[in-house]
Amino acid sequence: MLYIGTDLGTSAVKLLLMDEAGQIKNIVSKEYPLFFPHPGWSEQNPEDWYAKFVEGVRELLEGCDRTQVEGISFGGQMHGLVALDEQDRVIRPAILWNDGRSAMETEYLNDTIGRENLSKYTANIAFAGFTAPKILWMKKHEPENFSRISKIMLPKDYLAYRISGSFCTDVSDASGMLLLDVKNRRWSVPMLGICEITERMLPRVYESYEVVGTLKKTLAAELGLSSQVKVIAGAGDNAAAAVGTGTVGDGMCNLSLGTSGTLFVSSKNFGVDQNNALHSFGHADGHYHLMGCMLSAASCNKWWSEEILRTKDFAEEQAGITRLGENAVFYLPYLMGERSPHNDPHVRALFMGMSMDTTRKDMTQAVLEGVAFALRDSLEIARQLGNTITSSRICGGGAKSKLWRKMIANIMNLRLEIVESEEGPALGAAILAAVGCGAYPDVETAASRIVKVIDTVEPQADLVCKYEKKYQIFRKIYPAVKALYRDGTELV
């Protein structure tokens, strides 16, 4: 049988066709526009998602036996606000995860409602990207639109609704709305009251691998598929990507070195750190996960190489960097402020420790090390919660650098595992579809059979010792400089 995994991203929808054994048969990507109507705003038209999804499925299935397609599932950009009226018409463009308009609403939630209360209600505190602050923004600034709301959903769930008619979401994606009681996997009554919405406006919450419906007959006929094709709930993009790297079960870890960077730790037990420095979300395997998200990871290296050094030859810039653990230069990777663990939108990047003999290579090395040190900040918090983490999967564009992988393995004292197929949320979604259709008994079994490790990087005792000393210096720099940044303005 065949399964379709859908990755509804910020710039494109990626569709992946996988067979029962986990072999990838085809991949298609379709782009759609992103709109910035005001500085700091980020929006998309949900109809574009649906149109490109349908177009992509047609292309994905060209030349294959469509009778073999058994299920469709999703991984999707999280936190976005999609609002529908009573006639199921989209009320306004979707407000996306990277939209910053709700800063005041976020401050109100954290400071007036209170971080302690938010953590009690949802296991998390408010960030401007989350959905609840967007709802409060809409209530204040677009009261007419707010009064028309009949349904509130997340981006990938809009696709599920359009193709199946099921008003649904899953625990992992719903966890990022600041509306879900994550521990008990149900909507938080206090948060609904704070946002002045009702539970009827919110979708039914499923586990990521559960069947939510089947294809609408009209769409099935249009695509040449059976109307019995199952639609499976799916997951938020990070949870779906974790499934795609086999980061499921208890104590598994995944590091992602993309534009942003994430530390993802799966756990069978619910846990929240006392400062809410990490997100505490439901996981696609039916359990929980902790996630630290830093806003600038591989983008730091891209900025340094392309904007400052004026080169795109990343490999050449890294060639000759051999004195690991001995660099006197430090770099804080906060080009756009920071999310985890500091939750500080005002702090910015800096270099420290240069001298007359500092070289170009030293500066490049500091950038790579700074990202790794910042990821370790989140790892240390996860360890404080009792998670024993000795190895991690690693993925993302930055993870293609052997030098960077070696630095990370030794800075974090982890064995790094590189997986064979790095297709992110699309592969994870296809695996969830296979589980939902009964090809595998559970997500852990499916991931263990489909995801294959092809290489490892072991930490070296001497480098671990050297980097431990450097990390203890690094972790003191942010507390020392944070007071220099005020209200998002320049350094004072």
Quick one: does [X]'s side chain get under 4.5 Å of [Y]'s, heavy atoms only?
X	Y	answer
R475	F373	no
T67	S226	no
L324	Y467	yes
T131	M78	no
K156	L159	no
M336	M294	no
K151	F167	yes
I27	L17	no

- Message: For W97, I'd like to know if atom CH2 has over 12 heavy atoms of other residues, nucleotides or ligands within 6.0 Å.
- Response: no
- Item | Atom CD of E468 with >12 non-hydrogen neighbours under 6.0 angstrom | yes
- Message: T245: which residues meet the side-chain hydrogen bond (donor to acceptor under 3.5 Å, both in side chains) condition with it, sequence neighbours left out?
- Response: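 Here the qualifying residues are T247.
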- Is there a donor in the side chain of E417 and an acceptor in the side chain of S392, or the other way round, less than 3.5 Å apart? no
- Message: According to side-chain contact (heavy atoms from CB on, under 4.5 Å), who are the partners of A433, at least two apart in sequence or on a separate chain?
- Response: Y3, S73, I232
